[in-house]
Amino acid sequence: MLRLDLDRLARDPAPAEALRTLVREARLTGSGLVGGPVDALLAPEKQSLLRLVTETAEALPAVLVGRAPWDAGWSARPPVLLHAPRVEPSQRGPLWRAACTAPVPDDLDPPRLLAPFLLTPEQLTRAAHSASQAALLDGGAIRPEHVRAGARAQNAAGLDRLARRIEPAVGWPDLVLPTDALTQLRELTARARHRDQVLGEWGMRPGGGRGRGVTALFAGDSGTGKTMSAEVIAADLGLDLYTVDLSTVIDKYVGETEKNLERIFTEAAGINGVLLFDEADAIFGKRSEVKDAHDRYANVESAYLLQRMETFDGLALLATNLRANLDDAFTRRLDLVIDFPAPDAAQRRLLWERCLGPVLPRSPGLDLDFCAESFELAGGNIRSIAVTAAYFAAESGAPVTMADLIHAVQREYQKLGRLTLASEFGPYAELLN
(Lines give C-alpha, C1' and ligand atoms only; values in the text may rest on other atoms or scores of the structure.)
Protein backbone atom coordinates (compact mmCIF):
# COMPACT_ATOMS: atom_id res chain seq x y z
CA MET A 1 0.00 0.00 0.00
CA LEU A 2 1.05 3.57 -0.70
CA ARG A 3 -0.04 6.19 1.83
CA LEU A 4 -1.17 9.58 0.53
CA ASP A 5 -1.02 12.38 3.12
CA LEU A 6 -3.81 14.74 2.07
CA ASP A 7 -2.66 17.38 4.57
CA ARG A 8 0.65 17.66 2.72
CA LEU A 9 -1.02 17.38 -0.68
CA ALA A 10 -3.23 20.37 0.20
CA ARG A 11 -0.06 22.45 0.70
CA ASP A 12 1.75 21.11 -2.38
CA PRO A 13 2.34 23.79 -5.05
CA ALA A 14 1.78 21.22 -7.83
CA PRO A 15 -0.72 18.65 -6.48
CA ALA A 16 -1.75 17.35 -9.94
CA GLU A 17 1.85 16.41 -10.75
CA ALA A 18 2.22 14.73 -7.35
CA LEU A 19 -0.90 12.64 -8.00
CA ARG A 20 0.32 11.58 -11.45
CA THR A 21 3.61 10.47 -9.90
CA LEU A 22 1.72 8.53 -7.25
CA VAL A 23 -0.44 6.71 -9.82
CA ARG A 24 2.65 5.78 -11.86
CA GLU A 25 4.41 4.44 -8.76
CA ALA A 26 1.34 2.42 -7.74
CA ARG A 27 0.97 0.82 -11.19
CA LEU A 28 4.68 -0.03 -11.46
CA THR A 29 4.73 -1.65 -8.02
CA GLY A 30 1.24 -3.19 -8.09
CA SER A 31 0.24 -1.18 -5.00
CA GLY A 32 -3.02 0.10 -3.62
CA LEU A 33 -3.66 3.57 -2.16
CA VAL A 34 -4.69 4.76 1.30
CA GLY A 35 -5.40 8.51 1.39
CA GLY A 36 -6.39 10.69 4.31
CA PRO A 37 -7.59 12.65 6.04
CA VAL A 38 -10.27 13.74 3.58
CA ASP A 39 -11.09 16.53 6.05
CA ALA A 40 -7.97 18.41 4.86
CA LEU A 41 -9.66 19.06 1.50
CA LEU A 42 -13.12 20.13 2.65
CA ALA A 43 -12.56 23.90 2.36
CA PRO A 44 -14.35 25.43 -0.66
CA GLU A 45 -11.06 26.38 -2.32
CA LYS A 46 -9.87 22.75 -2.00
CA GLN A 47 -12.98 21.09 -3.47
CA SER A 48 -11.48 20.86 -6.97
CA LEU A 49 -8.41 19.12 -5.53
CA LEU A 50 -10.65 16.69 -3.65
CA ARG A 51 -12.45 15.75 -6.88
CA LEU A 52 -9.05 15.28 -8.56
CA VAL A 53 -8.07 12.90 -5.76
CA THR A 54 -11.26 10.85 -6.13
CA GLU A 55 -10.82 10.65 -9.92
CA THR A 56 -7.24 9.47 -9.38
CA ALA A 57 -8.39 6.91 -6.80
CA GLU A 58 -10.81 5.35 -9.33
CA ALA A 59 -7.84 4.06 -11.34
CA LEU A 60 -6.42 2.13 -8.35
CA PRO A 61 -7.51 -0.09 -5.48
CA ALA A 62 -8.02 2.83 -3.09
CA VAL A 63 -9.31 3.64 0.38
CA LEU A 64 -10.00 7.21 1.51
CA VAL A 65 -10.39 7.89 5.23
CA GLY A 66 -11.68 10.84 7.24
CA ARG A 67 -14.14 12.05 9.85
CA ALA A 68 -16.47 13.90 7.47
CA PRO A 69 -19.43 12.03 5.95
CA TRP A 70 -19.20 11.32 2.22
CA ASP A 71 -20.64 13.93 -0.14
CA ALA A 72 -22.10 12.51 -3.38
CA GLY A 73 -20.72 15.51 -5.28
CA TRP A 74 -17.12 14.49 -4.61
CA SER A 75 -17.13 11.72 -7.22
CA ALA A 76 -19.18 10.56 -10.18
CA ARG A 77 -18.60 6.98 -9.11
CA PRO A 78 -20.14 6.12 -5.73
CA PRO A 79 -17.73 4.37 -3.35
CA VAL A 80 -18.38 1.62 -0.83
CA LEU A 81 -19.07 3.49 2.42
CA LEU A 82 -17.86 1.89 5.65
CA HIS A 83 -18.05 3.15 9.22
CA ALA A 84 -15.00 2.51 11.39
CA PRO A 85 -16.24 2.16 14.99
CA ARG A 86 -14.21 3.28 17.96
CA VAL A 87 -11.91 0.82 19.71
CA GLU A 88 -13.96 -0.69 22.53
CA PRO A 89 -12.42 -1.40 25.96
CA SER A 90 -12.17 -5.15 25.32
CA GLN A 91 -9.97 -4.48 22.27
CA ARG A 92 -7.63 -1.92 23.83
CA GLY A 93 -5.69 -4.35 26.00
CA PRO A 94 -4.69 -6.78 23.21
CA LEU A 95 -3.75 -3.93 20.85
CA TRP A 96 -1.64 -2.24 23.53
CA ARG A 97 0.10 -5.48 24.56
CA ALA A 98 0.88 -6.38 20.95
CA ALA A 99 2.75 -3.08 20.51
CA CYS A 100 4.45 -3.07 23.91
CA THR A 101 8.16 -3.95 23.85
CA ALA A 102 8.87 -3.84 27.60
CA PRO A 103 8.10 -6.56 30.19
CA VAL A 104 4.52 -6.30 31.46
CA PRO A 105 4.02 -7.52 35.07
CA ASP A 106 1.27 -10.08 35.61
CA ASP A 107 -0.57 -7.80 38.05
CA LEU A 108 -0.72 -4.88 35.59
CA ASP A 109 -4.17 -4.35 34.07
CA PRO A 110 -3.76 -2.25 30.87
CA PRO A 111 -7.49 -2.38 29.89
CA ARG A 112 -8.48 -0.84 33.24
CA LEU A 113 -5.74 1.80 33.06
CA LEU A 114 -6.69 2.69 29.49
CA ALA A 115 -10.47 2.68 30.11
CA PRO A 116 -10.76 6.48 30.61
CA PHE A 117 -8.87 7.16 27.36
CA LEU A 118 -10.40 7.35 23.87
CA LEU A 119 -7.59 6.18 21.59
CA THR A 120 -7.41 5.04 17.98
CA PRO A 121 -5.41 1.89 17.11
CA GLU A 122 -2.53 4.08 15.90
CA GLN A 123 -2.60 6.07 19.15
CA LEU A 124 -2.69 2.85 21.19
CA THR A 125 0.42 1.66 19.37
CA ARG A 126 2.23 4.93 20.00
CA ALA A 127 1.08 4.92 23.64
CA ALA A 128 2.54 1.43 24.11
CA HIS A 129 5.85 2.50 22.55
CA SER A 130 5.95 5.61 24.77
CA ALA A 131 5.25 3.53 27.89
CA SER A 132 7.96 1.03 26.89
CA GLN A 133 10.54 3.80 26.50
CA ALA A 134 9.61 5.34 29.86
CA ALA A 135 9.87 1.91 31.53
CA LEU A 136 13.31 1.36 29.97
CA LEU A 137 14.51 4.60 31.58
CA ASP A 138 13.12 3.54 34.97
CA GLY A 139 14.51 0.03 35.04
CA GLY A 140 12.64 -2.08 32.49
CA ALA A 141 9.26 -3.13 33.95
CA ILE A 142 6.14 -1.15 33.04
CA ARG A 143 4.24 0.50 35.88
CA PRO A 144 0.74 2.07 35.84
CA GLU A 145 2.15 5.60 35.61
CA HIS A 146 4.02 4.60 32.44
CA VAL A 147 0.80 3.36 30.82
CA ARG A 148 -1.09 6.54 31.69
CA ALA A 149 1.74 8.87 30.69
CA GLY A 150 2.03 7.09 27.34
CA ALA A 151 -1.69 7.52 26.72
CA ARG A 152 -1.64 11.19 27.75
CA ALA A 153 1.26 11.80 25.36
CA GLN A 154 -1.13 11.19 22.45
CA ASN A 155 -3.16 14.30 23.23
CA ALA A 156 -3.42 17.00 20.59
CA ALA A 157 -2.09 20.43 21.55
CA GLY A 158 -5.00 22.44 20.15
CA LEU A 159 -6.88 22.74 23.44
CA ASP A 160 -3.85 24.31 25.15
CA ARG A 161 -4.59 27.48 23.19
CA LEU A 162 -8.18 27.62 24.48
CA ALA A 163 -7.86 26.30 28.05
CA ARG A 164 -5.26 26.17 30.80
CA ARG A 165 -3.76 22.71 31.29
CA ILE A 166 -3.13 21.55 34.85
CA GLU A 167 -1.09 18.44 35.62
CA PRO A 168 -2.83 16.99 38.71
CA ALA A 169 -0.67 17.06 41.83
CA VAL A 170 -3.23 16.08 44.49
CA GLY A 171 -5.05 12.89 45.43
CA TRP A 172 -8.00 11.63 47.44
CA PRO A 173 -6.22 12.06 50.82
CA ASP A 174 -5.92 15.79 50.12
CA LEU A 175 -9.70 16.30 49.98
CA VAL A 176 -11.53 17.36 53.14
CA LEU A 177 -15.22 17.00 52.31
CA PRO A 178 -18.38 15.45 53.80
CA THR A 179 -18.74 11.70 53.27
CA ASP A 180 -21.63 12.07 50.81
CA ALA A 181 -19.68 14.49 48.59
CA LEU A 182 -16.65 12.17 48.57
CA THR A 183 -18.87 9.20 47.69
CA GLN A 184 -20.41 11.08 44.76
CA LEU A 185 -16.96 12.10 43.50
CA ARG A 186 -15.88 8.44 43.49
CA GLU A 187 -19.11 7.51 41.69
CA LEU A 188 -18.31 10.16 39.08
CA THR A 189 -14.84 8.65 38.60
CA ALA A 190 -16.40 5.22 38.15
CA ARG A 191 -18.76 6.60 35.50
CA ALA A 192 -15.83 8.04 33.55
CA ARG A 193 -13.88 4.78 33.82
CA HIS A 194 -16.74 2.49 32.70
CA ARG A 195 -18.67 4.74 30.30
CA ASP A 196 -17.65 2.77 27.19
CA GLN A 197 -18.84 -0.48 28.73
CA VAL A 198 -22.14 0.90 30.06
CA LEU A 199 -23.06 3.29 27.24
CA GLY A 200 -21.31 1.43 24.43
CA GLU A 201 -21.30 -2.33 24.94
CA TRP A 202 -24.48 -2.38 27.04
CA GLY A 203 -26.24 0.37 25.03
CA MET A 204 -27.70 2.20 28.02
CA ARG A 205 -28.05 5.55 26.18
CA PRO A 206 -29.61 4.64 22.82
CA GLY A 207 -30.83 7.01 20.13
CA GLY A 208 -30.83 10.76 19.82
CA GLY A 209 -27.25 11.06 18.60
CA ARG A 210 -26.05 11.40 22.18
CA GLY A 211 -22.41 10.85 22.98
CA ARG A 212 -20.74 8.83 25.69
CA GLY A 213 -19.75 11.83 27.74
CA VAL A 214 -19.97 12.21 31.50
CA THR A 215 -20.99 15.60 32.89
CA ALA A 216 -21.34 16.82 36.46
CA LEU A 217 -22.01 20.05 38.29
CA PHE A 218 -19.99 21.14 41.33
CA ALA A 219 -22.01 23.70 43.30
CA GLY A 220 -20.73 25.54 46.34
CA ASP A 221 -19.20 28.72 47.68
CA SER A 222 -15.76 29.86 46.62
CA GLY A 223 -12.94 27.94 48.30
CA THR A 224 -14.94 24.83 49.20
CA GLY A 225 -12.86 22.49 47.04
CA LYS A 226 -14.54 22.38 43.62
CA THR A 227 -11.41 22.90 41.51
CA MET A 228 -9.31 20.64 43.73
CA SER A 229 -11.94 17.90 43.40
CA ALA A 230 -11.75 18.17 39.60
CA GLU A 231 -7.97 17.86 39.87
CA VAL A 232 -8.29 14.77 42.10
CA ILE A 233 -10.67 13.12 39.63
CA ALA A 234 -8.26 13.83 36.76
CA ALA A 235 -5.38 12.38 38.79
CA ASP A 236 -7.34 9.22 39.65
CA LEU A 237 -8.16 8.66 35.97
CA GLY A 238 -4.61 9.48 34.84
CA LEU A 239 -5.82 12.47 32.77
CA ASP A 240 -4.85 16.12 32.53
CA LEU A 241 -7.22 18.84 33.74
CA TYR A 242 -8.13 21.63 31.31
CA THR A 243 -9.68 24.74 32.85
CA VAL A 244 -11.63 26.77 30.31
CA ASP A 245 -10.77 30.46 30.40
CA LEU A 246 -14.05 32.34 30.00
CA SER A 247 -12.21 35.33 28.52
CA THR A 248 -11.48 33.18 25.45
CA VAL A 249 -15.12 32.10 25.17
CA ILE A 250 -17.48 35.00 25.76
CA ASP A 251 -17.69 37.48 22.88
CA LYS A 252 -19.89 40.54 22.49
CA TYR A 253 -20.59 39.78 18.84
CA VAL A 254 -23.59 37.62 17.98
CA GLY A 255 -22.69 33.99 17.28
CA GLU A 256 -19.02 34.27 18.29
CA THR A 257 -19.52 32.75 21.76
CA GLU A 258 -21.03 29.63 20.19
CA LYS A 259 -18.13 29.39 17.72
CA ASN A 260 -15.61 29.64 20.56
CA LEU A 261 -17.40 26.96 22.54
CA GLU A 262 -17.59 24.72 19.47
CA ARG A 263 -13.82 25.07 19.04
CA ILE A 264 -13.32 24.05 22.67
CA PHE A 265 -15.60 21.00 22.41
CA THR A 266 -14.05 19.99 19.08
CA GLU A 267 -10.50 20.23 20.41
CA ALA A 268 -11.54 18.48 23.63
CA ALA A 269 -12.72 15.53 21.54
CA GLY A 270 -9.12 15.12 20.35
CA ILE A 271 -7.59 14.97 23.80
CA ASN A 272 -7.97 12.72 26.82
CA GLY A 273 -8.56 15.10 29.66
CA VAL A 274 -11.08 16.50 32.12
CA LEU A 275 -12.73 19.72 30.90
CA LEU A 276 -13.59 22.16 33.72
CA PHE A 277 -15.87 25.15 33.13
CA ASP A 278 -15.29 27.38 36.16
CA GLU A 279 -17.93 30.00 36.99
CA ALA A 280 -20.18 28.02 34.64
CA ASP A 281 -23.28 30.10 35.34
CA ALA A 282 -21.74 32.86 33.18
CA ILE A 283 -22.23 30.77 30.02
CA PHE A 284 -24.75 28.13 31.13
CA GLY A 285 -27.28 30.63 32.50
CA LYS A 286 -31.05 30.39 32.53
CA ARG A 287 -33.01 31.13 29.41
CA SER A 288 -35.33 34.08 29.89
CA GLU A 289 -38.44 35.56 28.31
CA VAL A 290 -37.56 37.30 25.05
CA LYS A 291 -38.13 41.04 25.43
CA ASP A 292 -35.47 42.33 23.04
CA ALA A 293 -32.78 41.10 20.64
CA HIS A 294 -30.27 40.62 23.46
CA ASP A 295 -32.55 38.10 25.19
CA ARG A 296 -33.14 36.22 21.94
CA TYR A 297 -29.44 35.80 21.21
CA ALA A 298 -28.65 34.91 24.83
CA ASN A 299 -31.26 32.15 24.62
CA VAL A 300 -29.67 30.90 21.38
CA GLU A 301 -26.36 30.48 23.25
CA SER A 302 -28.04 28.46 25.99
CA ALA A 303 -29.98 26.32 23.51
CA TYR A 304 -26.78 25.60 21.57
CA LEU A 305 -25.00 24.55 24.75
CA LEU A 306 -27.84 22.23 25.72
CA GLN A 307 -27.46 20.41 22.41
CA ARG A 308 -23.66 20.39 22.41
CA MET A 309 -23.38 18.99 25.92
CA GLU A 310 -25.42 15.94 24.88
CA THR A 311 -23.14 15.07 21.97
CA PHE A 312 -19.87 15.56 23.87
CA ASP A 313 -17.90 12.34 24.35
CA GLY A 314 -15.54 13.48 27.08
CA LEU A 315 -15.64 14.27 30.81
CA ALA A 316 -16.95 17.80 31.43
CA LEU A 317 -17.30 19.39 34.87
CA LEU A 318 -19.19 22.60 35.56
CA ALA A 319 -18.33 24.58 38.69
CA THR A 320 -20.50 27.39 40.00
CA ASN A 321 -21.04 29.48 43.10
CA LEU A 322 -24.61 30.22 42.01
CA ARG A 323 -26.43 26.96 41.33
CA ALA A 324 -29.79 28.75 41.16
CA ASN A 325 -28.61 30.68 38.09
CA LEU A 326 -28.21 27.54 35.95
CA ASP A 327 -30.91 26.60 33.48
CA ASP A 328 -33.06 23.67 34.71
CA ALA A 329 -32.60 21.93 31.35
CA PHE A 330 -28.90 21.58 32.10
CA THR A 331 -29.63 19.77 35.33
CA ARG A 332 -31.54 17.05 33.48
CA ARG A 333 -28.56 16.48 31.20
CA LEU A 334 -26.07 16.20 34.06
CA ASP A 335 -25.03 12.83 35.42
CA LEU A 336 -24.38 14.15 38.92
CA VAL A 337 -24.90 17.37 40.87
CA ILE A 338 -22.53 17.53 43.84
CA ASP A 339 -22.94 20.15 46.55
CA PHE A 340 -19.84 21.47 48.32
CA PRO A 341 -20.93 22.86 51.69
CA ALA A 342 -18.85 25.09 53.94
CA PRO A 343 -16.65 22.96 56.23
CA ASP A 344 -17.69 22.38 59.84
CA ALA A 345 -15.33 22.76 62.80
CA ALA A 346 -13.93 19.21 62.55
CA GLN A 347 -13.25 19.61 58.83
CA ARG A 348 -11.68 23.02 59.41
CA ARG A 349 -9.30 21.44 61.93
CA LEU A 350 -8.18 18.96 59.27
CA LEU A 351 -7.84 21.77 56.74
CA TRP A 352 -5.62 23.80 59.08
CA GLU A 353 -3.39 20.77 59.55
CA ARG A 354 -3.22 19.96 55.84
CA CYS A 355 -2.64 23.54 54.70
CA LEU A 356 0.21 24.15 57.12
CA GLY A 357 1.77 20.91 55.90
CA PRO A 358 4.47 18.67 57.35
CA VAL A 359 7.48 20.73 56.24
CA LEU A 360 6.68 24.23 57.47
CA PRO A 361 8.42 24.87 60.84
CA ARG A 362 5.85 25.44 63.60
CA SER A 363 6.21 26.74 67.12
CA PRO A 364 4.76 24.45 69.82
CA GLY A 365 2.24 27.13 70.82
CA LEU A 366 0.03 26.91 67.72
CA ASP A 367 -3.59 26.59 68.81
CA LEU A 368 -5.21 25.06 65.71
CA ASP A 369 -8.23 23.86 67.70
CA PHE A 370 -9.04 27.50 68.51
CA CYS A 371 -8.56 28.52 64.85
CA ALA A 372 -10.92 25.78 63.69
CA GLU A 373 -13.61 26.62 66.23
CA SER A 374 -13.46 30.41 65.99
CA PHE A 375 -12.83 31.23 62.33
CA GLU A 376 -15.61 30.04 60.01
CA LEU A 377 -13.65 29.95 56.78
CA ALA A 378 -13.60 27.82 53.64
CA GLY A 379 -10.65 25.66 52.70
CA GLY A 380 -9.41 28.14 50.11
CA ASN A 381 -9.28 30.90 52.71
CA ILE A 382 -7.47 28.67 55.19
CA ARG A 383 -4.89 27.83 52.52
CA SER A 384 -4.35 31.55 51.84
CA ILE A 385 -3.90 32.19 55.57
CA ALA A 386 -1.36 29.38 55.86
CA VAL A 387 0.65 30.76 52.93
CA THR A 388 0.57 34.29 54.35
CA ALA A 389 1.70 33.02 57.76
CA ALA A 390 4.54 31.11 56.08
CA TYR A 391 5.75 34.35 54.48
CA PHE A 392 5.68 36.06 57.87
CA ALA A 393 7.75 33.21 59.31
CA ALA A 394 10.22 33.34 56.43
CA GLU A 395 10.71 37.07 56.96
CA SER A 396 11.29 36.68 60.70
CA GLY A 397 13.51 33.61 60.26
CA ALA A 398 11.59 31.72 62.94
CA PRO A 399 8.91 28.98 63.00
CA VAL A 400 5.28 29.97 62.44
CA THR A 401 3.80 31.36 65.63
CA MET A 402 0.26 32.03 66.75
CA ALA A 403 0.93 35.73 66.16
CA ASP A 404 1.71 34.94 62.52
CA LEU A 405 -1.55 33.02 62.12
CA ILE A 406 -3.63 35.76 63.80
CA HIS A 407 -1.99 38.41 61.63
CA ALA A 408 -2.66 36.29 58.52
CA VAL A 409 -6.32 35.78 59.52
CA GLN A 410 -6.65 39.53 59.94
CA ARG A 411 -5.28 40.10 56.42
CA GLU A 412 -7.69 37.47 55.00
CA TYR A 413 -10.62 39.17 56.72
CA GLN A 414 -9.58 42.46 55.12
CA LYS A 415 -9.51 40.76 51.70
CA LEU A 416 -12.99 39.34 52.29
CA GLY A 417 -14.37 42.63 53.56
CA ARG A 418 -15.26 41.11 56.93
CA LEU A 419 -15.11 43.01 60.19
CA THR A 420 -12.27 42.09 62.53
CA LEU A 421 -14.02 41.77 65.90
CA ALA A 422 -11.86 41.38 68.98
CA SER A 423 -14.47 39.03 70.49
CA GLU A 424 -13.97 36.57 67.61
CA PHE A 425 -10.24 36.34 68.34
CA GLY A 426 -10.77 35.62 72.05
CA PRO A 427 -7.58 35.37 74.08
CA TYR A 428 -5.49 36.21 71.00
CA ALA A 429 -7.14 39.59 70.36
CA GLU A 430 -4.09 41.34 71.80
CA LEU A 431 -2.05 40.00 68.86
CA LEU A 432 -4.14 41.99 66.35
CA ASN A 433 -2.39 44.93 64.67
Side-chain angles (χ1 to χ4, degrees), residues 138 145 149 164-178 181-182 220-236 240-241 243 245 276 278-279 319 321 340-433:
D138 289 345
E145 56 267 29
R164 182 168 59 94
R165 184 170 66 91
I166 299 174
E167 293 186 15
V170 291
W172 293 107
D174 297 298
L175 286 180
V176 179
L177 292 171
L182 280 172
D221 293 335
S222 178
T224 50
K226 300 186 295 296
T227 302
M228 179 180 276
S229 296
E231 191 174 344
V232 168
I233 288 173
D236 190 26
D240 287 330
L241 175 65
T243 302
D245 184 358
L276 174 63
D278 209 356
E279 307 296 342
N321 303 337
F340 288 72
D344 57 24
Q347 292 167 350
R348 291 196 296 271
R349 180 63 177 80
L350 283 174
L351 286 167
W352 278 104
E353 190 67 39
R354 299 271 177 85
C355 292
L356 288 171
V359 180
L360 179 67
R362 307 186 201 177
S363 67
L366 288 186
D367 190 354
L368 298 185
D369 290 331
F370 173 82
C371 293
E373 289 288 343
S374 299
F375 305 129
E376 296 183 3
L377 296 164
N381 304 121
I382 294 174
R383 183 185 298 108
S384 296
I385 292 168
V387 172
T388 303
Y391 277 115
F392 293 152
E395 176 66 19
S396 65
V400 171
T401 63
M402 197 62 189
D404 293 329
L405 285 183
I406 294 300
H407 189 191
V409 171
Q410 184 180 3
R411 290 288 177 259
E412 191 68 17
Y413 273 26
Q414 289 171 345
K415 277 171 41 182
L416 296 173
R418 289 170 59 169
L419 293 176
T420 304
L421 303 175
S423 58
E424 191 173 351
F425 289 79
Y428 301 102
E430 60 185 20
L431 298 177
L432 293 171
N433 292 336

**Q** Find the distance between CG (Leu351) and CG (Leu177) and round it off to the nearest 0.5 Å.
**A** 8.5 Å
**Q** If you define the side chain from C-beta out and look only at heavy atoms, does anything of Lys226 sit under 4.5 Å from Asn321?
**A** yes
**Q** Just wondering, do Arg348 and Cys371 contact through their side chains at under 4.5 Å, heavy atoms?
**A** no
**Q** For a quick test of reading the model, state the closest non-hydrogen atom pair linking Ala422 to Ala429 and the distance between them.
**A** O-CB, 3.6 Å
**Q** Any side-chain heavy atom of Arg164 sitting closer than 4.5 Å to one from Asp278?
**A** no
**Q** Let me see the working for Leu368 and Arg362 under side-chain contact (heavy atoms from CB on, under 4.5 Å), right down to the final yes or no.
**A** CA-CA 11 Å; Leu368 298 185; Arg362 307 186 201 177; 3.8 Å; yes
**Q** Checking the side chain of Glu353 only, and the main-chain atoms of Leu350 only, is there a donor and an acceptor separated by less than 3.5 Å?
**A** no
**Q** Rounded to the nearest 0.5 Å, what separation is found between the CG atom of Asp240 and the CD atom of Glu231?
**A** 10.5 Å
**Q** Evaluate the side-chain proximity of Gln414 to Gln410: yes if any heavy-atom separation is below 4.5 Å, no if none is.
**A** yes
**Q** Determine all donor-acceptor pairs shorter than 3.5 Å in which one atom belongs to a side chain in residues 166-176; sequence neighbours excluded.
**A**
unit_1	atom_1	unit_2	atom_2	d
Glu167	OE2	Arg165	NH1	3.3
Trp172	NE1	Asp236	OD2	3.4
Asp174	OD2	Gly171	N	2.8

**Q** Return the minimal non-hydrogen interatomic distance between Phe340 and Ser229, and the atom names on each side.
**A** CE2-OG, 3.1 Å
**Q** In this structure, which one of Val400, Asp367, Thr388 forms a side-chain contact (heavy atoms from CB on, under 4.5 Å) with Leu405?
**A** Val400
**Q** Quick check: closest heavy atoms across Ala230 and Leu276, and the distance to 0.1 Å?
**A** CB-CD2, 4.2 Å
**Q** For Met402 and Ser363, work out which heavy atoms get closest and say how close.
**A** N-OG, 4.4 Å
**Q** Tell me which donor-acceptor pairs under 3.5 Å the side chains of residues 373-383 have, and how far apart each pair is, sequence neighbours excluded?
**A**
unit_1	atom_1	unit_2	atom_2	d
Ser374	OG	Phe370	O	3.1
Asn381	OD1	Ala378	N	3.4
Asn381	ND2	Glu412	OE2	3.1

**Q** I'd like to know if the side chain of Arg411 reaches the main chain of Ala389, judged simply by a donor and an acceptor atom lying under 3.5 Å from each other, with no hydrogens or angles considered.
**A** no
**Q** Name the one of Ile385, Asp369, Leu366 that satisfies side-chain contact (heavy atoms from CB on, under 4.5 Å) with Trp352?
**A** Ile385
